[in-house]
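All remarks here apply to the structure that follows.
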Amino acid sequence: NAGVTQTPKFRVLKTGQSMTLLCAQDMNHEYMYWYRQDPGMGLRLIHYSVGEGTTAKGEVPDGYNVSRLKKQNFLLGLESAAPSQTSVYFCASSLRGEGNSPLHFGNGTRLTVT
Amino acid sequence: SQQGEEDPQALSIQEGENATMNCSYKTSINNLQWYRQNSGRGLVHLILIRSNEREKHSGRLRVTLDTSKKSSSLLITASRAADTASYFCATHAGGTSYGKLTFGQGTILTVHP
């Protein structure tokens, strides 16, 4: 049972380049999330999904887009990367969405934008 | 500012000692969760405590919640070197259709062998 898997683990982009981060979960969870983690800022929610085909904005959605075409996958896209998007990105999933269900996290993608 | 704020920011102890970390929050919550993050890894869920609960145990972990003071504490007893990690509290305030958690900035725990 792999849980939540993120690819890639590391990536370096130049300003203006685009990329997609992939998250896959094998726990049949309905809810999926993308967070970013920055020093001194804790984890901040970028986008989330309450089920296949749905997406919604979190706290810091600007500059990112997401898609949930399949229940087990949640993609995070950066259309035109900026240095401010240098961060560690975490995907998470949960069985239920009312906050009573623990989040299961992937091991993160470390992104550097130069 | 973050809903949950951990204290202290860093804690250094010897193996076998107890470690206590505190979390304060500002608004009413439905539940509070504690997570552990080892260096270079994702967060791992430890304990969830609901607003109507005062204390929960899981192995060497003990979590208390005082809603009147808007605070929670995580106690790790008989610490081990493997407990070295960052610990985060996360609060759920309800009123949303998804599991929106607000994370604090974490306490870095170092346990020396």
Side-chain angles (χ1 to χ4, degrees), chain A residues 2-7 9-10 21 23-25 27 29-51 54-61 66 68 74 88-110, chain B residues 1-7 9-10 21 23-53 56 58 61 63 65 85-108:
Chain A
V4 178
T5 303
Q6 292 183 234
T7 54
K9 295 182 179 179
F10 303 93
L21 282 66
C23 177
Q25 53 96 4
M27 297 171 283
H29 285 173
E30 289 291 336
Y31 295 78
M32 297 187 74
Y33 315 84
W34 276 106
Y35 285 88
R36 59 178 290 174
Q37 184 177 35
D38 302 291
M41 299 293 290
L43 275 82
R44 292 180 292 169
L45 183 65
I46 304 171
H47 285 281
Y48 65 98
S49 169
V50 302
T54 73
T55 64
K57 295 179 179 180
E59 302 171 63
V60 288
V66 288
R68 183 106 181 261
F74 195 29
V88 181
Y89 292 86
F90 288 98
C91 176
S93 69
S94 64
L95 181 63
R96 296 181 298 274
E98 69 275 17
N100 284 324
S101 185
L103 268 60
H104 298 257
F105 283 84
N107 284 324
T109 295
R110 186 173 295 275
Chain B
S1 61
Q2 294 290 328
Q3 165 75 321
E5 295 186 3
E6 288 91 345
D7 170 64
Q9 291 185 330
M21 288 158 272
C23 171
S24 60
Y25 56 91
K26 295 184 173 66
T27 63
S28 296
I29 61 171
N30 282 351
N31 65 63
L32 184 146
Q33 302 182 32
W34 284 91
Y35 288 81
R36 183 189 75 232
Q37 183 180 32
N38 291 94
S39 180
R41 309 283 287 186
L43 280 73
V44 174
H45 180 261
L46 297 175
I47 286 183
L48 182 153
I49 186 165
R50 292 181 170 79
S51 59
N52 61 354
E53 297 175 314
K56 286 191 83 169
S58 177
L61 306 181
V63 168
L65 179 64
S86 295
Y87 291 82
F88 295 86
C89 67
T91 54
H92 180 257
T96 62
S97 62
Y98 66 99
K100 181 181 184 297
L101 294 179
T102 303
F103 287 84
Q105 296 180 25
T107 292
I108 301 172

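Order of the sequence lines sets the chain letters (A, B, ...), proteins ahead of strands, with each chain counted from 1. Reckoned from all heavy atoms, side chains included, excluding hydrogens, waters and symmetry mates. Small disclaimer: the values here were computed from a predicted structure and weren't measured.
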Side chain, backbone, both or neither: which part of A:Glu30 has a non-hydrogen atom closer than 4.5 Å to chain B? neither

Portion of B:Leu48 that has a non-hydrogen atom of chain A nearer than 4.5 angstrom: side chain

Contact origin within B:Gln9 toward chain A - heavy atom pairs under 4.5 Å: neither

Is the CG atom of A:Leu95 crowded by more than 12 outside heavy atoms at less than 6.0 Å? yes

What pair of heavy atoms forms the shortest contact from B:Gln33 to A:Leu103, and how long is it? OE1-N, 4.3 Å

Looking only at heavy atoms, what is the nearest atom pair of B:Gln37 and A:Phe90, with distance? NE2-CZ, 3.3 Å

Once rounded to the nearest 0.5 Å, what's the spacing between atom OH of A:Tyr35 and atom CZ of B:Phe103? 4.5 Å

